[in-house]
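Notes follow the structure.
Because only heavy atoms are used, hydrogens play no part in the values below, and waters and symmetry mates are left out as well, while side chains stay in. Numbers here are sequence positions counted from 1.
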Amino acid sequence: MKVTEVKLTVSQICGNDEGECILLSVSPLEEYVEGKPSGKVVGQKYHIVCPDRQFEKFIVKIKGKPIITNDQLQQKGGQVKVVFDNLTGKFYRTNSGEYAVSCNADGMEVMG
């Protein structure tokens with residue numbers, strides 16, 4: 001078994017079974033074709049921290065229209081609690097040879 005084949009669960013990523021984290025910012029998720037960005041935006045990358053994981057940072061990718069924008073986030077004080085739907089993660093190897101975690105979800109609910 002390869003480490004890149006291991007699927008991470010919600011509790012392994014967030015440190016809780018609910019998938020609750022704190023959203024800090026949002027950025028566009030570009031489609032990649034043959035390893036290169038195509039310029040087409042297919043979703044959003046949600047930059048989060050997980051208080052139950054000693055505030056470890058992750059990026060969660062969700063395809064589709066934005067659930068919340070950076071402007072809306074700033075109106076709520078710059079950070080909000082969120083819960084992800086069907087959050088999963090997996091390890092991948094970076095260009096420098098280190099392991100990192102890639103996270104995806106089907107959706108997200110803003111709690112505050």
Can you find a pair of side-chain heavy atoms, one from Ile67 and one from Gln44, that are under 4.5 Å apart? no
State, to 0.1 Å, how close Cys14 and Cys21 come at their nearest heavy-atom pair, and which atoms those are. SG-SG, 3.2 Å
Please identify each residue that fulfils side-chain contact (heavy atoms from CB on, under 4.5 Å) with Thr94, with sequence neighbours left out. Tyr92, Ser96, Glu98, Ala100
Residues joined to Leu29 in its hydrophobic cluster, side chain to side chain under 4.5 Å directly or through other members, sorted by chain and number, are Val42
side-chain contact (heavy atoms from CB on, under 4.5 Å) with Gln72: which residues, sequence neighbours excluded? Ile68, Thr69
Restricting to side-chain hydrogen bond (donor to acceptor under 3.5 Å, both in side chains), what partner residues turn up for Glu31, sequence neighbours left out? Ser38
Name the atoms and distances for all side-chain donor-acceptor pairs under 3.5 Å in residues 103-110, with sequence neighbours left out.
| unit_1 | atom_1 | unit_2 | atom_2 | d |
| --- | --- | --- | --- | --- |
| Asp106 | OD2 | Asn86 | ND2 | 2.7 |

Going by the salt bridge (charged side-chain N to carboxylate O under 4.0 Å, His left out) test, which pairs reach into residues 4-29, not counting sequence neighbours? Glu20-Lys81
Those residues at least two apart in sequence (or on a different chain) that pass side-chain contact (heavy atoms from CB on, under 4.5 Å) with Phe91 are Val3, Leu8, Tyr99, Val101
Remaining members of Phe55's ILVMFWY cluster at a side-chain heavy-atom cut-off under 4.5 Å? Ile22, Leu24, Val49
Does the side-chain contact (heavy atoms from CB on, under 4.5 Å) test come out yes or no for Ile13 and Phe84, once each step is laid out? CA-CA 11 Å; Ile13 297 166; Phe84 291 97; over 6 Å; no
Can you run down the side-chain hydrogen bond (donor to acceptor under 3.5 Å, both in side chains) pairs that involve residues 51-67, sequence neighbours left out, and say none if there aren't any? Asn16-Asp52
Kindly compute the distance separating OG (Ser25) from OH (Tyr46), expressed to the nearest 0.5 Å. 11.0 Å
Partners passing side-chain hydrogen bond (donor to acceptor under 3.5 Å, both in side chains) against Gln12 (at least two apart in sequence or in another chain): Thr9
Under the side-chain contact (heavy atoms from CB on, under 4.5 Å) test, residues paired with Ile59 that sit two or more places apart: Lys45, His47
